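Just so it is clear, the structure is predicted and the values come from calculations on it, not from any experiment. Each chain gets a letter, A, B and so on, in the order the sequences are listed, and its residues count up from 1.
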Amino acid sequence: MSATDNRPVFLNLLRIRQPVTAVVSIFHRISGVVMILLLPGLVYLLNLSLSNQAGFSQVATLLTSPTLKILAVLFCWALTHHVLAGIRFMLLDFDVGIERDTARKAAWLVQVGALVVTAVLASLIFGVLPLGAQS
Amino acid sequence: MSWRASSGLRSWLAQRLTALYIVVFLAVFAFVWGGQTITFDTWRAWVAHPAANIALLLFIFSMLLHAWIGGRDVVIDYVKSASARYVLLIVFALGLGIMGLWSLRILLLAGME
């Protein structure tokens with residue numbers, strides 16, 4: 001047994017102060033899981049919207065409910081964050097933005113960008129900005 | 001590289017290819033429908049068009065495959081007990097499979113209009 005085996009192990013992820021790059025990584029996972037959980041609901045809505053006129057109107061009505069609107073905003077954040085972080089990861093695959101400073105700046109861009117896009121989409125969903133959907 | 005040895009590479013590649021298709025589809029979808037007033041007739045007619053029908057089917061199956069690869073990684077990383085891991089993965093795979101068959105049915109029915 002070498003001396004290095006006696007070093008203390010401290011891997012409580014909740015107690016380590018994570019750099020922003022790690023936060024983007026874990027948010028990428030969380031947003032992915034969120035979308036997986038919402039997927040059955042989306043297939044249900046797709047089915048209903050294509051079944052007949054009454055079903056389509058029902059979807060339009062459902063989408064006006066506050067609960068569905070909040071879920072829609074959550075989905076928008078998850079999708080936006082997942083896509084932006086995904087683009088960043090793919091660029092990293094090609095060694096673009098791999099330097100620590102750039103990687104951190106890009107990570108902040110993902111965090112802030114996702115919130116900004118979600119805010120715009122949320123204002124569309126909650127009717128602050130006009131959005132055309134007709135039953 | 002053998003088929004078995006390349007499984008990680010295949011997942012890695014599939015995750016990126018499905019991601020690209022999903023993003024391109026969403027961009028086209030937003031371009032087609034953004035700002036439009038959607039009615040049942042225009043929506044149904046669009047989905048019944050063969051090109052849109054196939055594109056939508058590919059989109060859904062890309063999402064299911066993408067969800068499987070990503071979700072599987074998450075389960076394997078955080079669920080340590082082998083039995084719990086298997087149960088979760090089987091339930092997950094069945095759920096995605098059912099959603100795939102269900103979506104196939106929805107799009108076939110809509111495409112046969």
More than 12 non-hydrogen atoms from neighbouring residues, nucleotides or ligands closer than 6.0 Å to CH2 on B:W33, yes or no? yes
When only pairs under 4.5 Å are counted, which of A:G86, A:S51, A:G32 shares the most heavy-atom pairs with chain B? A:S51
Can you say whether B:W68 sits under 4.5 Å from chain A via the side chain, the backbone, both, or neither, judging by heavy atoms? neither
Neighbour count >12 (heavy atoms, 6.0 Å) for atom CZ, B:R105: no
For A:F89, which atoms come within 4.5 Å of any heavy atom of chain B: side chain, backbone, both, or neither? neither
Under a 4.5 Å heavy-atom cutoff, which of A:I36, A:L42, A:V43, A:L39 has the most pairs with chain B? A:V43
Among A:V83, A:V59, A:L46, which residue forms the greatest number of heavy-atom pairs with chain B at distances under 4.5 Å? A:L46
Atom group of B:L64 that falls short of 4.5 Å from chain A, counting heavy atoms: side chain
Let me see the working for B:F61 and B:Y21 under side-chain contact (heavy atoms from CB on, under 4.5 Å), right down to the final yes or no. CA-CA 10 Å; B:F61 277 88; B:Y21 183 79; over 6 Å; no
What part of B:A110 is in contact with chain A, defined as an atom under 4.5 angstrom from a non-hydrogen atom: side chain, backbone, both or neither? side chain
Okay, B:I98 and chain A: the region with an atom under 4.5 Å from a heavy atom over there is neither
Does any backbone or side-chain atom of B:I60 lie under 4.5 Å from a heavy atom of chain A? Answer side chain, backbone, both or neither. side chain
Considering only heavy atoms, which portion of A:I26 lies under 4.5 Å from any heavy atom of chain B: side chain, backbone, both, or neither? side chain
Ignoring hydrogens and angles, state whether a donor on the side chain of A:S65 or A:T67 is under 3.5 Å from an acceptor on the partner side chain. no
Counting only non-hydrogen atoms closer than 4.5 Å, does A:V33 touch chain B with its backbone (N, CA, C, O), its side chain (CB onward), both, or neither? side chain
If one checks every heavy atom of A:H28 against chain B at 4.5 Å, the contacting part turns out to be neither
Under the 3.5 angstrom rule, does the side chain of B:R44 hit a backbone N or O of A:Q53 as a donor-acceptor pair? no
Engaged part of A:I87 at the chain B interface, taking heavy atoms whose separation is under 4.5 Å: neither
Spell out, as yes or no, whether a donor-acceptor pair under 3.5 Å connects the side chain of B:S11 to the backbone of B:S7. yes
Proximal component of A:S49, with respect to chain B [non-hydrogen, under 4.5 Å]: both
Does A:L84 offer a backbone N or O that forms a donor-acceptor pair with the side chain of A:R88 under 3.5 Å? no
Return the CZ to CZ distance between B:F25 and B:F59, rounded to the nearest 0.5 Å. 5.5 Å
Tell me if the CD atom of A:E99 is crowded by more than 12 foreign heavy atoms within 6.0 Å. no
